[in-house]
Q: 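Attaching a single structure in structure tokens format; questions to follow.
In what follows, chains carry the letters A, B, and so on, assigned in the order in which the sequence lines appear, proteins first and then strands, with residues in each chain numbered from 1.
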Protein chains: 2
Amino acid sequence: MRITAKAKQETRTRILETARKLFLEKGFEQTTTRDIASLAGIAAGTLFNYFPSKEELGTTLLAEALDEAKTDFLAKRHGEEDLAELLFAHAMAGLRMLAPYRTAVAPIIEVGMSPFASNGSCEGNRIRSEHLETVADLIANSGPNTQPSFVVMHLYWTLYLGVLAFWSGDESPNQEDTLAILDQSMRLFVSSLNEERVVKEDSSDE
Amino acid sequence: MRITAKAKQETRTRILETARKLFLEKGFEQTTTRDIASLAGIAAGTLFNYFPSKEELGTTLLAEALDEAKTDFLAKRHGEEDLAELLFAHAMAGLRMLAPYRTAVAPIIEVGMSPFASNGSCEGNRIRSEHLETVADLIANSGPNTQPSFVVMHLYWTLYLGVLAFWSGDESPNQEDTLAILDQSMRLFVSSLNEERVVKEDSSDE
DNA sequence: GAAATTTTGTGAGCGCGCTCATTTTTCTCC
DNA sequence: GGAGAAAAATGAGCGCGCTCACAAAATTTC
């Protein structure tokens with residue numbers, strides 16, 4: 001049992017590494033699952049014993065990178081900055097880790113993480129909820145209003161995806177235009193948060 | 001030549017009507033191009049003489065609805081309201097016309113109108129640029145700063161897509177939650193516009 | 001260690017969107 | 001109206017993601 005479990009794990013990572021290699025080499029859509037399978041030394045169907053879809057293979061790679069980014073971010077001390085700066089740093093940590101995939105991620109993010117209900121990628125959902133959880137924590141630690149509404153969180157995710165979309169196609173040197181958009185998006189988000197706080201205070205009279 | 005041109009037009013609209021019917025009946029992804037073709041009385045391949053892709057068939061339907069919405073919106077007088085209200089009304093006009101498609105649009109919008117560069121649907125691009133053009137006009141007529149930056153327009157499109165995404169899955173009665181999100185999004189956008197105006201005024205000193 | 005059982009691997013094949021060589025129809029010109 | 005050219009329709013077929021009936025291998029049971 002031990003041997004088999006280990007072998008399975010090895011196959012899984014071999015598939016992941018092969019997929020990463022090919023996605024980066026030829027792009028996500030130009031890489032076929034048969035390509036990945038044959039280069040990984042397994043049958044075409046076997047790949048789907050390990051990952052339910054090609055999409056999920058992609059999101060798993062992104063999730064790995066973003067998990068690492070999250071660890072990095074939480075390891076650093078972020079004591080005195082204001083919320084907008086924290087959110088900026090948080091998103092930047094993710095972009096840094098995703099950097100190698102930048103030009104290849106668009107199709108993966110587009111359908112794997114989109115706010116449209118259709119999406120069913122479970123790794124994509126995990127990425128979203130983990131990211132939003134961190135954001136909610138940062139908000140909670142920054143002011144009196146502990147629980148941001150789901151409307152606000154939807155707004156955040158919209159803005160974040162907009163940044164990712166821009167970033168994935170950003171042709172400016174070192175993607176510096178992305179920094180401007182990210183900065184503006186996060187500050188805008190914080191201001192909408194503050195507005196909601198005011199509204200809540202108002203309505204708490206009744 | 002006349003006769004053929006007319007026949008072609010008829011076939012084209014028959015395809016569109018058939019597609020609309022089936023998309024609404026079974027959803028976009030559950031409808032195959034063969035379904036559409038056979039119900040429209042043409043061969044499978046003929047469909048692609050009229051539309052380059054299934055995706056384009058979908059975006060064409062949306063574009064029709066949104067064109068009509070635009071006409072409706074521009075016909076009404078919008079004299080005294082402030083910019084946020086105008087933008088709200090503009091977006092609402094679109095949502096009203098898209099209403100029948102609400103639960104079916106997600107996959108079409110997701111890939112046809114997404115801000116991700118990958119997308120190549122030409123009707124989708126037309127929808128975006130027409131919509132943004134109207135928005136830019138509304139902005140221009142509302143204040144001194146005639147030309148909003150492309151960063152701002154990107155932000156607008158991000159927020160608008162976020163609203164569409166929410167709306168397509170909104171389970172609240174009459175999608176009233178969508179109204180709240182739309183309102184908040186548009187007001188947020190306007191406030192970011194004003195911020196940019198201030199910044200521009202500041203930097204115009206140098 | 002053989003038999004039974006469970007787990008894992010396999011690849012032929014399905015249905016999809018879409019292409020393209022070919023056939024069929026329509027138009028043009030005398 | 002018949003010959004030739006142009007336009008349009010056709011459907012067999014491709015490559016894709018993915019499934020599934022079956023085979024092979026590993027594990028458990030005796």
Side-chain angles (χ1 to χ4, degrees), chain A residues 1-16 18-19 22-23 25-61 104 107-108 110-112 118-124, chain B residues 1-16 18-19 22-23 25-61 104 107-108 110-112 118-124:
Chain A
M1 183 140 174
R2 185 69 53 75
I3 291 171
T4 303
K6 195 179 160 193
K8 272 207 84 175
Q9 192 55 38
E10 272 168 13
T11 304
R12 201 189 118 97
T13 62
R14 202 169 64 250
I15 292 172
L16 273 176
T18 309
L22 291 178
F23 289 164
E25 238 173 69
K26 319 197 291 178
F28 180 75
E29 286 168 325
Q30 280 65 46
T31 304
T32 71
T33 56
R34 284 168 173 87
D35 286 343
I36 301 170
S38 77
L39 193 57
I42 58 175
T46 307
L47 188 145
F48 294 95
N49 292 344
Y50 288 85
F51 298 92
S53 68
K54 181 186 176 185
E55 178 61 33
E56 195 73 19
L57 242 174
T59 48
T60 301
L61 287 171
I108 305 177
E110 189 169 4
V111 336
S118 76
N119 125 55
S121 151
C122 81
E123 276 300 299
Chain B
M1 184 140 172
R2 184 73 51 75
I3 291 170
T4 303
K6 194 180 160 192
K8 272 206 84 175
Q9 190 56 38
E10 271 168 13
T11 303
R12 201 189 120 97
T13 63
R14 201 169 66 249
I15 292 172
L16 273 175
T18 309
L22 291 178
F23 289 164
E25 239 172 68
K26 318 196 291 177
F28 180 75
E29 285 168 326
Q30 280 64 47
T31 303
T32 71
T33 56
R34 284 168 172 87
D35 286 343
I36 301 170
S38 76
L39 193 57
I42 57 175
T46 307
L47 189 145
F48 294 95
N49 292 343
Y50 289 84
F51 298 92
S53 69
K54 181 187 176 184
E55 178 61 33
E56 195 73 20
L57 203 40
T59 49
T60 301
L61 288 172
I108 305 176
E110 189 170 4
V111 337
S118 75
N119 126 55
S121 152
C122 81
E123 276 301 299

Q: To the nearest angstrom, how far is B:I15 atom CD1 from C:dC18 atom P?
A: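 To the nearest whole Å, that distance equals 14 Å.
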Q: If I take atom NZ in residue A:K54 and atom P in nucleotide D:dC18, what distance separates them, rounded to the nearest angstrom?
A: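 In whole Å, D:dC18 P and A:K54 NZ are 8 Å from each other.
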Q: Between atom CZ in B:F48 and atom P in D:dA12, what is the gap in whole Å?
A: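 To the nearest whole Å, that distance equals 16 Å.
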Q: Would a 4.5 Å heavy-atom cut-off, applied to side chains only, mark B:F48 and B:E56 as touching?
A: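 No; the side chains remain at least 4.5 Å from each other.
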Q: Less than 4.5 Å apart, side chain to side chain, heavy atoms only: is that true for A:L57 and A:I36?
A: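 Heavy-atom side-chain distance check passes, below 4.5 Å.
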Q: Contact class for A:T31 (heavy atom, under 4.0 Å): base, sugar-phosphate, or nothing?
A: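 Counting heavy atoms under 4.0 Å across all strands, the contact made by A:T31 is with sugar-phosphate only.
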Q: What do the steps show when you test A:Y50 against A:L16 for side chain to side chain contact (heavy atoms under 4.5 Å, CB included), and what is the final call?
A: CA-CA 10 Å; A:Y50 288 85; A:L16 273 176; over 6 Å; no
Q: Heavy-atom nearest nucleotide on DNA chain D for A:Q30 versus A:P52: which residue maps closer to 5'?
A: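 In this pair, the answer is A:Q30.
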Q: Using atom CD of B:Q9 as one end and atom C1' of D:dA7 as the other, report the distance to the nearest whole Å.
A: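 That distance rounds to 16 Å.
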Q: Give one of base, sugar-phosphate or nothing for B:T32, where a contact means two heavy atoms less than 4.0 Å apart.
A: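 B:T32: backbone/sugar contact only, no base atoms under 4.0 Å.
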Q: Could you please name the option among C:dC18, C:dT8, C:dC16 that lies closest to any side-chain atom of A:Y50?
A: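 Given the options C:dC18, C:dT8, C:dC16, the side chain of A:Y50 is closest to C:dT8.
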Q: Take atom NZ of A:K26 and atom P of D:dG15, then tell me their distance rounded to the nearest Å.
A: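 Atom NZ in A:K26 sits about 13 Å away from atom P in D:dG15.
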Q: Please examine the side chains of B:E25 and B:D35, heavy atoms only from C-beta on, and report whether any two atoms are closer than 4.5 Å.
A: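 Counting from C-beta outward, B:D35 and B:E25 never come under 4.5 Å.
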Q: For B:D35 and C:dG17, give me the distance from atom CG to atom C1', rounded to whole Å.
A: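 Rounding to the nearest Å, CG of B:D35 and C1' of C:dG17 are 12 Å apart.
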Q: Rounded to the nearest angstrom, tell me the gap between atom CG in A:N49 and atom P in C:dG9.
A: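 Roughly 6 Å, once rounded to whole Å.
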Q: Ignoring hydrogens and angles, does a donor from either the side chain of A:R34 or the base of D:dG17 sit under 3.5 Å from an acceptor on the other?
A: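 Such a pair is found, so the answer is yes.
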Q: Applying a 4.0 Å non-hydrogen cut-off, can you work out what B:I42 is touching in the nucleic acid: base, sugar-phosphate, or nothing?
A: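 B:I42: backbone/sugar contact only, no base atoms under 4.0 Å.
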Q: Rounded to whole Å, how long is the line connecting atom CG of B:L22 with atom P of C:dC16?
A: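 Answer to the nearest Å: 13 Å.
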Q: Roughly how far apart are B:L22 CG and B:T33 OG1, rounded to 0.5 Å?
A: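 B:L22 CG to B:T33 OG1: 11.5 Å, rounded to 0.5 Å.
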